[in-house]
Amino acid sequence: MNYDVLLFDLDDTLFDFRESEKNALFNTFQGVGLPNGVTDYRTSYNTISKVLWEDLEQGRTTLQELKSERFKRLFLEHALDIDAKVFGNEYLENLGKEIHVIAGVESMLAEFSNTRLVVLTNGFTEVQRARIGGSIFKDSFEAIITSEETGFQKPQKEIFEYVFENLQISDKSRVLMIGDSLSSDIQGGLNFGIDTCWYNPHNKGNTTGIQPTFEIHSWDEMDSVVKSNLLFIKQMSLK
């Protein structure tokens, strides 16, 4: 059985988010007179941001709160007199200009030009649309659906309900969710009852108990998953 609809996560799945984030942070810190800001504060920022994104997935915060709260906590930790709200808005504007496509994505998407392709991301609508609009695959997707526009985020099943209702999809067995995050993309697909594909290019161990339908380590493997539905789930080592 082939899949008719492919739902793709965006950051660290189609785009290299670490590179985008680094450049956007550099430009934003430079704008407030801190050209060494990335070097000095990125480790702290990543720790804070990770906690807040996990809170978002679990419904303990909102995307709008996250926008400035991550910088508010960072500046408080390092005693920096910077307006977190202004900084957060500037960061998102800079992030929207950062387009770093992961190797193999363009050719992979071209293989599925006759398949319904959809982006499903927990990111900010304006940022994600800007990045996709400036990318080589800007015309590849039928829809770009963000948590900001739906009011829900992966892994909540409501965001998937939104996709199915708005795109008039009825058969769950014909839909595949693809992404790099076990807790967001894969758990979200499991919550909604659709098949999932874990994009795991760095061969990370899975100690979560969250079991994807498929696991791939490069985009060359997607053809086998989608077109022939080959059940070649790789055994993930528990560490």
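Just so you know, these numbers come straight off a predicted model, no measurement behind them.
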Crowding at CZ, Arg60 (>12 non-hydrogen neighbours, <6.0 Å):
yes

Would one find more than 12 heavy atoms of other residues, nucleotides or ligands at under 6.0 Å from atom CG of Asp171?
yes

Would you say [X] and [Y] are hydrophobically clustered, going by side-chain heavy atoms of ILVMFWY under 4.5 Å?
X	Y	value
Ile210	Phe160	no
Phe26	Leu92	yes
Ile144	Leu14	yes
Met108	Phe17	no
Val175	Met177	yes

Residues pairing under salt bridge (Lys or Arg N to Asp or Glu O under 4.0 Å) where one sits in residues 31-46, two or more places apart or in two chains, turn out to be Glu21-Arg42

Does any N or O in the side chain of [X] come within less than 3.5 Å of the main-chain N or O of [Y], such that one atom is a donor and the other an acceptor?
X	Y	answer
Trp198	Phe214	no
Glu149	Ile145	no
Ser113	Leu109	no
Gln187	Ser184	no
Asn36	Thr39	no

Stepwise, does the side-chain contact (heavy atoms from CB on, under 4.5 Å) test hold for Glu57 with Ser181?
CA-CA 11 Å; Glu57 290 177 8; Ser181 172; 4.3 Å; yes

Shortest non-hydrogen contact from [X] toward [Y]:
X	Y	value
Val119	Ile132	CG2-CD1, 3.9 Å
Ile102	Asp12	CD1-C, 3.9 Å
Phe192	Lys172	O-NZ, 2.7 Å
Thr62	Leu56	C-CD1, 3.6 Å
Phe152	Ile159	O-CD1, 3.4 Å
Ala143	Leu167	CB-CD2, 4.0 Å

Could you walk me through whether Ile216 and Met222 pass the side-chain contact (heavy atoms from CB on, under 4.5 Å) check?
CA-CA 7 Å; Ile216 62 172; Met222 274 301 295; 3.6 Å; yes

Within the 3.5 Å criterion, strictly below it, is a donor on [X] or [Y] matched to an acceptor on the partner's side chain?
X	Y	value
Glu77	Ser44	yes
Glu69	Thr61	no
Gln153	Asn122	no
Gln128	Asp11	yes
Glu148	Thr125	yes
Asn94	Glu98	no
Tyr199	Glu215	no

Would you check if the distance from the ring center of Phe75 to the ring center of Phe87 is below 6.0 Å?
yes

Quick check: Phe71 with Tyr41 (ring centres under 6.0 Å apart)?
no

Separation of [Y] [atom2] from [X] [atom1] (nearest 0.5 Å):
X	Y	atom1	atom2	answer
Asn89	Ser68	CG	OG	8.0 Å
Lys204	His217	NZ	NE2	11.5 Å
Leu76	Ile48	CG	CD1	9.0 Å
Arg73	Ser49	CZ	OG	10.5 Å
Ile186	Cys197	CD1	SG	7.0 Å
Thr13	Asp180	OG1	CG	4.0 Å

Going through the checks in order, is the side-chain contact (heavy atoms from CB on, under 4.5 Å) test met by Tyr45 and Arg70?
CA-CA 7 Å; Tyr45 171 77; Arg70 51 190 172 182; 3.3 Å; yes

Does [X] pair with [Y] as a salt bridge, N-O distance under 4.0 Å?
X	Y	result
Glu126	Arg131	no
Lys154	Asp9	yes
Glu54	Lys50	yes

Side chain to side chain, [X] and [Y], heavy atoms closer than 4.5 Å:
X	Y	value
Arg116	Leu6	no
Thr28	Leu25	no
Ile178	Leu7	no
Phe8	Asp185	no

Take Thr150 and Glu158, measure what side chain to side chain donor-acceptor pair (under 3.5 Å) needs, and give me the verdict at the end.
CA-CA 9 Å; Thr150 67; Glu158 288 88 351; over 6 Å; no

